[in-house]
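Below is one structure, written out as structure tokens, with a few remarks after it.
Remember, it's 1-based here, ligands and their atoms both numbered in the order they're listed. Everything numeric in this text was worked out from a predicted model, so none of it was measured.
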Amino acid sequence: MNYYSTNKQAPMASLQEAVVKGLASDKGLFMPVTIKPLPQEFYDTIDTLSFQEIAYRVADAFFGEDIPADILKEIVYDTLNFDVPLVQVTESIYSLELFHGPTLAFKDVGGRFMARLLGYFIKKEGQKDVNVLVATSGDTGSAVANGFLGVEGIHVYVLYPKGKVSEIQEKQFTTLGQNITALEIDGTFDDCQALVKSAFMDKELNEHLSLTSANSINVARFLPQAFYYFYAYAQLKRAGKADQLVVCVPSGNFGNITAGLFGKRMGLPVKRFIAANNRNDIFFQYLQTGQYNPRPSIATIANAMDVGDPSNFARVLDLYGASHEAITADVSGTTYTDEQIRDTVKETWEKHQYLLDPHGACGYRALEEGLQAGEIGVFLETAHPAKFLETVEAILGEKVEVPVKLQEFMKGEKQNLSMTKEFADFKNYLLAL
Ligand SMILES: *Cc1c(COP(=O)(O)O)cnc(C)c1O
């Protein structure tokens, strides 16, 4: 299948080109030329299938033309070796727990899938080694680094702002070694992102090295995020509750929710979506006014959603032919302050004994406020609450249990390189590789 750019000024790309390049040459995002609907028979029997079986059917619609069936199946099954359970919180609200993977956040799904797909292309073509650059404010770096750990032919450079990620997050990408290098930048997350962007645009560097991005702009990380929407539907169908499904997604760069909208386009019976924002409510404002006004992000306690110019907005627009009316027919929005997020975490724990993380709390609250009679709501619980230990413990006023997987990371030895935020330093470092 071919991929076009949302800016429509770049030539079509093959899947391999789209994955290896990340971003189109006109700076647009890649989109598949067709989004294939899945047959009615699939939806009729979906409740009898496992997560891996469902994901393979979805993956086949996206990648089946380009990847041999046995290899695609292996990539999907190997990526999804953990469960994504649907947990009932209230009569009509369910949590889709996406945090049972290695780094306890939903980005594990896309990170692992992309690593395996890129690894396949490199091996098949005898292509030269690929360097993955990823700027992180915490969660992306750990999911991408753990996904790519030990994959031959790929080296990952994680750029993170000094002193601005939590200790748990830092340990998840600085203790791995092998093909993972952590670069501690004396600057902010925006400085890290600017370094990565400058590197992609630097002609000399790109002649010297094959560089790609593992942020959700990359189709190999973005599209697999559709898998679990289908599995959520299957689990509800099994319970006889899938008729009026509303899905709510805590959103920052809008990769996760856009993958869900792709699912709907493939025939998945979701009545409507809700995008839950923290105070970085650029998309919410767009829904109200039709005007898209990016602005600098502000820091909140749901920090993985602190995005002032969501990169996948271009894909949402493209999917709906830039029609505000069509977008608002499928998607509504909400926006919450830190105080509202704190109240929601606390109340949900006290009333329902369900512990939300600050991101999932936005999703839960949007359903609690917005579900209509007869509707069943599923929110995506995007990370384990223990990943935000200090915040969550302060809200509850009690200790939170830390899963063994996180404790293991804490034992590792931190290894990193320190660097200034000057592009010249970063470039010299890369040129010397
Ligand atoms: C990345 C992230 C989000 C936002 O996802 P997008 O695809 O960027 O919208 C939400 N919650 C958590 C915990 C995240 O790590």
Distance alone, cut at 3.5 Å: any donor-acceptor contact between the side chains of [X] and [Y]?
| X | Y | value |
| --- | --- | --- |
| Asp186 | Thr420 | no |
| Gln291 | Tyr286 | no |
| Asp108 | Thr103 | yes |
| His155 | Thr181 | yes |
| Tyr3 | Ser14 | no |
| Asn312 | Asn253 | no |

Nearest neighbour in protein (non-hydrogen) for [atom]:
| atom | answer |
| --- | --- |
| atom 7 (O) of ligand 1 | Asn256 N, 2.9 Å |
| atom 11 (N) of ligand 1 | Thr382 OG1, 2.8 Å |
| atom 8 (O) of ligand 1 | Asn253 N, 2.8 Å |
| atom 5 (O) of ligand 1 | Phe106 CZ, 3.4 Å |
| atom 4 (C) of ligand 1 | Gly252 N, 3.6 Å |

Could you tell me whether Phe254 and ligand 1 have an N or O pair separated by under 3.5 Å?
yes
Is it the case that Lys73 places NZ or CZ above or below the six-membered ring of Tyr56, under 6.0 angstrom from the centre and within 45 degrees of the axis?
yes
Using a strict cut-off of 4.0 Å, indicate which atoms of ligand 1 neighbour a heavy atom of [X].
| X | answer |
| --- | --- |
| Gly255 | 6 (P), 7 (O), 9 (O) |
| Met305 | 10 (C) |
| Ala383 | 13 (C) |

Output all residues satisfying salt bridge (Lys or Arg N to Asp or Glu O under 4.0 Å) with Asp281, sequence neighbours left out; order by chain, then residue number.
Arg295
Asp318 meets the salt bridge (Lys or Arg N to Asp or Glu O under 4.0 Å) criterion, sequence neighbours left out, with Lys8
Which is it for [X] and ligand 1 at heavy atoms under 4.0 Å: side chain, backbone, both or neither?
| X | answer |
| --- | --- |
| Gln225 | neither |
| Lys107 | side chain |
| Asp139 | side chain |

Would Pro250 count as a contact residue for ligand 1, given that I'm defining contact as a non-hydrogen atom of the residue lying under 4.0 Å from a ligand atom?
yes
